Amino acid sequence: MFPTGLSHAAPGSYHFWVNIGCTFLFLLALLAGCGGPGGPGTPAGRLTPLPRARTLRVVAFVDPGAARIAGHAARLGERIASASDHLAALAALQLELVAVRRDAAPAGDLTAALERLEQAAPAPEADLVLLYTADAPVGRTTTAQLVQSRYAGRYVVVRSPATLIPPDDPERLHRAEVELIEHGIGVIFGALPGCVASLMASTPHLGRQPPVSFRPLDLQLMRAHARLDLRGGPRVPPAMATEVLALLDAARPDRCQAGLFDRRRALLAEVAAPPPPTAAPLAAGLAALAAGQHAEAWAACEPIARTAAPGEATRCAGLAGAALGKGDAAIRYLRAHLAARPDDEEALLVLAREVGRQGDDGAARGLLAGFVEGHPDHVRARVNLGIALARLGDLAGARQQWEAALARDPQNPDARELLDQLPP
């Protein structure tokens, strides 16, 4: 059993500072009659009452580098237990580590590792799956280089910041890894990354003293999402979407969050809206697309996409059409969808591939270059951009993209093979 209490924390330890922080929040609540202090991005009003604690079963995977660390299973257990203490006190989310398993593949690029987890869907018995890697970060260190997860998902990929912390300070490394785990779980349960100093900041805190915590708005969002079903059914039920929309409408985003706020509002507004008459066939088409049944997805989604506003139907028809070789229709539907949802990574990458297949490598290059500019750590996009550049005769540019992909994911076979095929 891993420790779960906070009552006997030693001065200076992570639990000690958590106790101090929680006591501070409690005293403020008594004085102000609310669940926490105000601050940038905090909506007027009180914190959502703390719901009954929910236990999330966690299965952790370690990649080959992390597996070589002596006592890695106990170390992960200590990190998850500390994160559980903090999340239970603030957001009623407890973590129960049920297994630590080895993953045969190096994690490499965190975005690619997250996508691999989502496709493989390991540990179906778990509510949350955590992949831990000890590989050092490359280049300028941001929080996104150390932890990746997705809103309403069930996977968290954490990179140890050990190379960024003095080796004689194991307590600070413990705090830093706990912070990263909490950041990843916070994203899943609706907390919004931003630039204001907190556990959700875009620049990692790296376990410094005094510790940081979630902003009040993030706590409100996490409490509103506390009953989120991570393993099936609607990702965000309509009633929950309506509650979260009210919180966002009352909030003031920090300067790093404006676009994120707008995208989250649009997504939740779509979930909260009454289902249209086409809801049943569209749901069947989306289910078929998720199952890889592209002909069935096309048959269900394409008739709706002909007259519907850009949304799930046009996305479904575009992706299914691309898989079925219906290039012209796929391009038409994906362009319409991306005009409304330019942040859809999968749709943009598929569109770039389709226009490239039709010989318009210039358009593919433009799409991919813009995407890479906004997502510099996305390995697959860099590989595809290199292909588009090579087809246009820019071998130096192609080499630059494939080398950048390998710098982020040294084990990437596509980038390595393509580089080997370039003339010296």
Side-chain angles (χ1 to χ4, degrees), residues 111 115 118-119 150-151 258-271 273 276-279 281-376 378-392 394 397-398 401:
T111 302
E115 292 175 352
E118 291 171 338
Q119 292 169 5
R150 222 181 295 277
Y151 176 46
L260 179 57
F261 257 63
D262 292 341
R263 292 192 296 272
R264 185 64 57 85
R265 281 197 188 99
L267 172 65
L268 293 169
E270 189 173 300
V271 174
T278 56
L282 177 57
L286 295 175
L289 182 67
Q293 299 167 348
H294 298 112
E296 291 83 352
W298 172 264
C301 294
E302 198 276 335
I304 302 171
R306 290 178 206 163
T307 57
E312 288 186 312
T314 48
R315 181 183 193 274
C316 172
L319 295 178
L324 294 170
K326 302 177 183 293
D328 290 338
I331 290 170
R332 183 173 68 255
Y333 286 130
L334 290 173
R335 285 194 185 280
H337 170 69
L338 286 165
R341 295 287 180 83
D343 59 315
D344 188 329
E345 298 180 12
E346 182 182 6
L348 187 143
L349 293 174
V350 172
L351 175 59
R353 185 187 67 203
E354 290 303 306
V355 297
R357 283 177 174 174
Q358 295 205 355
D360 193 350
D361 292 311
R365 177 188 58 187
L367 288 166
L368 291 165
F371 183 79
V372 166
E373 183 178 354
H375 304 79
H378 202 291
V379 173
R380 184 155 57 102
R382 285 192 178 273
V383 171
N384 290 342
L385 176 55
I387 292 172
L389 290 169
R391 287 177 175 170
L392 290 167
D394 185 0
Q401 293 303 324

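Atom set for the values below is all heavy atoms of this structure, side chains included, hydrogens, waters and symmetry mates excluded. Treat the numbers as computed from the prediction; the structure is a model and nothing was measured.
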For [X], all residues meeting side-chain hydrogen bond (donor to acceptor under 3.5 Å, both in side chains), sequence neighbours excluded:
X	answer
Arg332	none
Arg341	Glu270
Arg150	Glu118

Less than 3.5 Å apart, which donor and acceptor atoms pair up between the side chains of residues 355-368 and the rest of the protein, not counting sequence neighbours?
unit_1	atom_1	unit_2	atom_2	d
Arg357	NH1	Glu354	OE2	3.1
Gln358	NE2	Asp328	OD1	2.9
Asp360	OD1	Ala363	N	3.1

Show which side-chain atoms of residues 313-321 pair as donor or acceptor with protein atoms under 3.5 Å away, not counting sequence neighbours.
unit_1	atom_1	unit_2	atom_2	d
Thr314	OG1	Gly311	N	2.9
Thr314	OG1	Gly311	O	2.9
Arg315	NE	Asp344	OD2	2.5
Arg315	NH2	Glu346	OE1	2.9

Rounded distance (nearest 0.5 Å) linking atom CZ of Arg380 with atom CG of Leu349: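 Between Arg380 CZ and Leu349 CG, I get 5.0 Å after rounding to 0.5 Å.
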
Sequence-distant partners of Arg264, salt bridge (charged side-chain N to carboxylate O under 4.0 Å, His left out), two or more places apart: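 Result, salt bridge (charged side-chain N to carboxylate O under 4.0 Å, His left out) vs Arg264: none returned.
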
Any residue meeting side chain to side chain contact (heavy atoms under 4.5 Å, CB included) with Asp262, in chain and number order, not counting sequence neighbours: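 Asp262 satisfies side chain to side chain contact (heavy atoms under 4.5 Å, CB included) with Arg265 once adjacent residues are dropped.
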
With Pro376 via side chain to side chain contact (heavy atoms under 4.5 Å, CB included) - residues at least two apart: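 With sequence neighbours excluded, Pro376 shows a side chain to side chain contact (heavy atoms under 4.5 Å, CB included) to Arg382, Arg408, given in chain and number order.
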
Partner residues of Phe371 under the ring-ring contact (aromatic ring centres under 6.0 Å, His included) criterion, sequence neighbours left out: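 Per chain and number, Phe371 pairs via ring-ring contact (aromatic ring centres under 6.0 Å, His included) with His375, His378.
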
Expected list for residues 292-305: side-chain donor-acceptor pairs under 3.5 angstrom, two or more places apart:
unit_1	atom_1	unit_2	atom_2	d
His294	ND1	Gly292	O	3.3
Glu302	OE1	Arg306	NE	2.8
Glu302	OE1	Arg306	NH2	2.8
Glu302	OE2	Arg306	NE	3.1
Glu302	OE2	Tyr333	OH	2.7

Shortest non-hydrogen contact between Pro342 and Leu348, atoms and distance: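 Closest pair (atom of Pro342, atom of Leu348, distance): O-CD1, 4.4 Å.
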
